[in-house]
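Please read the structure below before turning to the comments.
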Amino acid sequence: MRYVVVGGGVAGVTAAQRLRALDPAASVVLVEAEAVPYYLRPGLIDVLAGAKGLGEITPYPREWFAKRGIDYRLGEAAIALDLPRKEVVLSSGKRLPFDRLLLATGAEPVRPSVPGAALPGVFTLRTAADAERIRTWAEGRRRAVVVGGGWLGLEAAYALRGLLERVVVVERGPWPLSRHLDREAGQILADILSEKGVEVLPRTEAAAIRGGAAVSEVLLEGGQILPADLVLFCLGIRPRTALAQDAGIGVNRGVVVNDFLETSVPGVYAAGDAAEWRTQIFGTVLAAREQAEVAAQNLVDPGSARYLGTRPTYKLKVAGIELFVFGASRPAGEFHSEERLQSQSCYAKLMLDKERKLVGAVLLGCPELASRVEELFQSGLPVPRGLV
Amino acid sequence: MQKWECTVCGWIYDPAKGDPSQGIKPGTAFEDLPDTWVCPECGAPKDMFQPL
């Protein structure tokens, strides 16, 4: 049996390991376009901040894959799928035959469409190379603007604050992380960030990036001008679907998969940020790993494992701010009661169903309580009265 | 029991809780986790953890 896994991020690496364990005699090929071995993407923030080198977030050397009999094709991009011949076409022109295929092509950052976005000094952050380029550019520079106040934007802004004098986050929503936080939590977070030297400008967008040889300022929608010699766009991610789409595999926002994580083409599976399951794209490490495990089982023994979803959990830790979001942070009318705790340093909101089980929770600045809530969330047990 | 912290993302393994996401029962010491176990937050393997 020949398995090919396209994409060497967390989903691809997990699946390759799993395939090897489940089918010791099979050929397992892992294709990755980036030239550096698999690294832990959440650690890129520390690489950006200069706190860690890439080696410190690289868990396995190349030999590790070789020892396990995984044919690791690093720096080789898959450019086409020849489904009738069951082959993956590589950038080198080589063709990799497969019996079953996993697409773990991941996602890429949403590219800014505003004028001036191609100026030197304007970046997006997704890969190790991005983190190193931004860090190098930041040397000797003073002011950064981060466009997008989501998880990545806030973490990146704080990392940049360690390198530059002034960092401003421009956020379209009414407060940072407005997709997850209510007004109270958003305001507390904005205040804490401000104390740490990261200012969030809500309800505005970048209208244009301006400069000569390099970026020098950002023009906002309202006409305000922010001086900037580094601009980072953190506008979210978009599943990489071109390979699948060009081969005629069903694609919506992501590569569409069923509960077996099989695409519209039998024998071809998808997992991780590239995959769209029941209209959802999770975009978390945990979901990517869980999908990779299920997909690997089905590659070896089709129809043997079902994916049932991953309960979303988000955590943000930027020097002293500990923010946890479990489940549906802003459920619309699907919960029964709400319990809150608010003090100067802590904000907690638990949303409960009729049986006092957690539907969702937001906790800011209270790691001890968050740890208890996480247990309850995972176990599905009712929340004791008086917890908050 | 000894807690261990992930050096990449700061997630803490607490033996009292285990790791339900990977079928690890409460009461499992860090040393007894299988070699295939990884940090549920960022995917770091066991050797990237340090005692807390």
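Below, all heavy atoms of this structure are taken into account, side chains as well, without hydrogens, waters or symmetry copies. Throughout, a chain's letter reflects where its sequence line sits, starting with A, and its residues are numbered from 1.
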Could you tell me the separation between the [atom1] atom of [X] and the [atom2] atom of [Y], rounded to the nearest 0.5 Å?
X         : Y         : atom1 : atom2 : result
Cys39(B)  : Leu286(A) : SG    : CG    : 10.0 Å
Thr36(B)  : Glu293(A) : OG1   : CD    : 8.0 Å
Leu40(A)  : Glu41(B)  : CG    : CD    : 12.0 Å
Arg289(A) : Cys42(B)  : CZ    : SG    : 9.5 Å
Glu374(A) : Lys17(B)  : CD    : NZ    : 6.5 Å

Would the number of heavy atoms belonging to other residues, nucleotides or ligands and lying under 6.0 Å from CD of Glu368(A) be above 12? no
Around Asp35(B), counting heavy atoms of other residues, nucleotides and ligands shown, do more than 12 lie under 6.0 Å from its CG? no
Taking every non-hydrogen atom, the tightest pair across Asp46(A) and Val8(B): OD2-O, 3.6 Å
When the 4.5 angstrom heavy-atom criterion is applied to Glu56(A) and chain B, the contacting part is backbone
Quick one: which of Gly43(A), Ser371(A), Ala288(A), Ala21(A) has the most heavy-atom pairs under 4.5 Å with chain B, could you say? Ser371(A)
